[in-house]
Amino acid sequence: MKKLKTLAAFFIATVIAVAISACAPTATTESTGNYIDDTVITTKIKTALLGENDMKSNEIHVDTYKGRVQLSGFARSAEEAKKAIQIARGIKGVKTVINSIKLR
């Protein structure tokens with residue numbers, strides 16, 4: 001009976017350890033928390049861009065991975081692209097901004 005309890009405890013501990021390690025980040029993947037943080041950053045940037053009346057923000061795409069933001073898509077002028085970059089840099093949690101915006 002004691003062996004059965006020990007074996008059951010070992011099995012439960014193994015299952016818990018595997019479940020916890022599945023949520024851990026690696027060099028090429030994000031943890032669940034990082035993914036949620038990146039989603040919040042992306043949403044804040046898109047909301048701020050949509051709030052700009054003199055900008056066609058629906059043509060600028062925002063991708064975030066581990067706090068690194070990439071802006072892509074099209075802008076009507078260099079000033080519009082610069083403004084989008086400044087807005088992205090002003091959001092809390094943004095580490096770097098990569099500009100891939102093309103001028104149209």
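Note on Arg68 versus Asp38: no salt bridge recorded, every NZ/NE/NH1/NH2 to OD/OE distance being 4.0 Å or above. A salt bridge links Lys56 to Glu59: one of the charged nitrogens lies within less than 4.0 Å of a carboxylate oxygen.
A heavy-atom distance below 4.5 Å is not found between the side chains of Thr96 and Val69. For the pair Thr42/Asp63, no side-chain contact is recorded, criterion being any heavy-atom separation below 4.5 Å from C-beta on. Asp54 is listed as a side-chain neighbour of Lys83, based on a closest heavy-atom distance under 4.5 Å.
Distance check: Ile98 CD1 to Leu71 CG gives 9.0 Å after rounding to the nearest 0.5 Å. Note that CD1 of Ile91 is 12.5 Å distant from CD of Gln86, once rounded to the nearest 0.5 Å. Atom CD of Gln70 and atom OG of Ser100 lie 4.0 Å apart (nearest 0.5 Å).
Leu103 approaches Ala78 most closely through the heavy-atom pair CD2-N, 3.6 Å. Closest of all the heavy-atom pairs between Ala84 and Met55 is N-CE, 3.8 Å. Shortest non-hydrogen contact noted between Glu52 and Ile87 is CG-CD1, 3.6 Å. The nearest pair of heavy atoms linking Arg104 to Phe74 is NH2-CD1, 3.1 Å. The two residues Gly93 and Ile41 come nearest to each other via the heavy atoms O-CD1, 3.5 Å. Heavy atoms only, all atoms of each residue included: Ala81 and Ala75 are closest at N-CB, 4.0 Å.
Checking Val40, Thr47, Ile45 one by one against Thr43, the side chain to side chain contact (heavy atoms under 4.5 Å, CB included) holds for a single residue, Thr47.
Crowding of Arg76 atom CZ: a count of heavy atoms from other residues, nucleotides or ligands under 6.0 Å exceeding 12.
For Thr64 (side chain) and Gly67 (main-chain N/O), no donor-acceptor pair under 3.5 Å exists by modelled atom type.
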